[in-house]
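Just so you know, these numbers use all the heavy atoms, side chains as well, and skip hydrogens, waters and symmetry mates. Naming convention: chains lettered A, B, ... in sequence-line order (proteins, then strands); numbering from 1 in each chain.
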There are 2 protein chains.
Amino acid sequence: MGRWEPDARERLVRAALDLFSEQGYENTAVAQIAERAGLTKSTFFRHFRDKREVLFGGQDVLAELMTGAISGAPAEAGPLEAVEAALVATAVTFTDERRAHGPQRLVVIAGNDELRERAALKMVGFAVAMTDALKQRGVPELEAAVAAELGVLAFNHGYERWLETGGDFAEVARRTFGDVRAAVGSLERAE
Amino acid sequence: MGRWEPDARERLVRAALDLFSEQGYENTAVAQIAERAGLTKSTFFRHFRDKREVLFGGQDVLAELMTGAISGAPAEAGPLEAVEAALVATAVTFTDERRAHGPQRLVVIAGNDELRERAALKMVGFAVAMTDALKQRGVPELEAAVAAELGVLAFNHGYERWLETGGDFAEVARRTFGDVRAAVGSLERAE
DNA sequence: TACGGTGATGAGACCAAGTCCCATCACTTG
DNA sequence: CAAGTGATGGGACTTGGTCTCATCACCGTA
């Protein structure tokens, strides 16, 4: 796998993130990102399906980790325990490097509709993946959907918490999921 | 408000829906949709923000109905009751005409990533709107988020059910939301 | 009946996203 | 050292989306 300047993909991500922060997402052309990374437009689209995807690389891995954890959970585990295992399983991808540009990334995404749209699709993807994995364990459709949705909610809140506080993501995820479950309990008791 | 051939907007929707069904979303150019509707590309983009939006018109009205119902719910109502009221409040928009092209619309959306993306964003929009409205009632952040998410889940399942069975959407929504709440209960009891 | 105002449309230039195809270059292997 | 492989460069091309200006139908008023 020959190549001259290594890490083309990461250089593109860095360049994109910086340019988006400096001048906004829509004022940045793909050609400009490629140029700053010392590459061309062609190469950019060889690494990323489209302009948005440069900020969402590796999310398919997360979905696989989640479904794997749910399928591999002990038979006695309930749906919510399986979902918690799914969240914990994603912790391996939450590296220091990822934490470094996380906040910058969130700001950029929040500031643009196209990017929020892509983010929403990714979350739906997680929910669908977990729902299917739960159904495969014999969990009824609607219970699976609810459990998965709670999991996604905890994942998002946990991610933000992790960016603020740092530490082990598995720990943060477990705590956040516990908070979500407590919130569910409060709702049920409320009437 | 002068105009010669009336209902330009609806003609565009019809033309788009038919063309998407016949040849697929990505094989259909905006110019072609406009042509079939007896209009031009310019006019299309005057009615819809982008090509996707032709399938999602009027969804902002839904969000307003939801937040309105939550804000207007009696003070004694718990978060889940308020969310149920939000779902019921959207029923006024579920007309026979909407039910007529609903299934066709769902098939088209399911067959294309861009459209699923837009649909996902709309659902997130609902969730955020309901969460904010609940927080304004004094519901804690996380409880509000959970309640809103359960509401969106019920809304989606309810919509599909309504397309299959017909009848009053308010009725279907109430029943579906009840099912979702029951599923939550099962999850809690499961461990 | 003639007039000007208003709102919706048509027409076309223009830019950037994304696709495609082919040439080229670095590096590896026999 | 030659052939092969994988990543890149470059440019043509289509289409989504924006923008500006001209045009047309209708409405109210004098």
Side-chain angles (χ1 to χ4, degrees), chain A residues 1-58 108-109 111-119 121, chain B residues 1-20 22-58 108-109 111-119 121-122:
Chain A
M1 46 182 81
R3 202 159 48 183
W4 23 122
E5 296 289 343
D7 302 324
R9 193 184 181 92
E10 280 127 64
R11 265 155 49 216
L12 285 168
V13 173
R14 263 260 69 86
L17 207 45
D18 290 342
L19 284 168
F20 294 164
S21 295
E22 292 168 19
Q23 9 170 309
Y25 174 79
E26 41 239 341
N27 299 322
T28 305
V30 169
Q32 195 182 1
I33 301 171
E35 189 190 8
R36 178 171 292 198
L39 298 166
T40 65
K41 204 181 77 169
S42 299
T43 304
F44 180 96
F45 285 111
R46 220 169 265 121
H47 282 279
F48 303 101
R49 191 156 43 81
D50 55 44
K51 184 181 171 185
R52 283 140 255 150
E53 200 65 14
V54 70
L55 292 182
F56 295 93
V108 171
I109 292 175
N112 179 272
D113 270 352
E114 277 185 51
L115 295 174
R116 296 199 307 123
E117 201 165 55
R118 177 57 51 88
L121 183 67
Chain B
M1 47 182 84
R3 203 159 46 184
W4 24 122
E5 296 289 342
D7 302 324
R9 192 186 182 90
E10 280 127 64
R11 264 155 50 216
L12 285 168
V13 172
R14 262 261 69 85
L17 206 44
D18 291 341
L19 283 168
F20 294 164
E22 292 168 18
Q23 10 169 309
Y25 174 81
E26 41 239 340
N27 299 324
T28 304
V30 169
Q32 196 183 0
I33 301 171
E35 189 190 8
R36 179 172 291 199
L39 297 167
T40 65
K41 204 181 78 170
S42 299
T43 305
F44 180 95
F45 284 112
R46 219 169 265 120
H47 282 278
F48 303 102
R49 189 156 45 81
D50 54 45
K51 184 180 172 185
R52 281 141 259 152
E53 200 66 13
V54 71
L55 293 182
F56 295 93
V108 171
I109 292 175
N112 178 273
D113 270 352
E114 276 185 51
L115 294 174
R116 297 200 306 121
E117 202 164 55
R118 176 58 51 88
L121 184 66
K122 296 291 183 181

Please report the distance, rounded to the nearest Å, between [atom1] in [X] and [atom2] in [N].
X      : N      : atom1 : atom2 : value
B/F48  : D/dT18 : CZ    : P     : 14 Å
B/D113 : C/dA17 : CG    : C1'   : 17 Å
B/E53  : D/dG17 : CD    : C1'   : 14 Å
A/L12  : D/dT8  : CG    : P     : 9 Å
B/R52  : D/dT15 : CZ    : C1'   : 12 Å
A/R49  : C/dC20 : CZ    : P     : 14 Å
B/K51  : D/dT15 : NZ    : C1'   : 8 Å
A/F20  : C/dA16 : CZ    : C1'   : 13 Å

Whether A/K51 engages the ring of A/Y25 as a cation-pi pair (distance to the six-membered ring centre under 6.0 angstrom, angle to the ring normal within 45°) should be assessed. yes
Side-chain donor or acceptor of [X] paired with backbone N/O of [Y] under 3.5 Å:
X      : Y      : result
A/R118 : A/R52  : no
A/S21  : A/L17  : yes
B/D7   : B/E10  : no
B/R116 : B/G111 : no
B/T43  : B/L39  : no

Touch check for A/R9, heavy atoms < 4.0 angstrom, all strands: base, sugar-phosphate only, or nothing? nothing
Taking only the side-chain nitrogens and oxygens of B/H47, find out if one of them lies under 4.0 Å from OP1 or OP2 of C/dT9. yes
Among residues 27-46 of chain A, which contact DNA chain C at a heavy-atom distance under 4.0 Å? A/T28, A/A29, A/V30, A/K41, A/F45
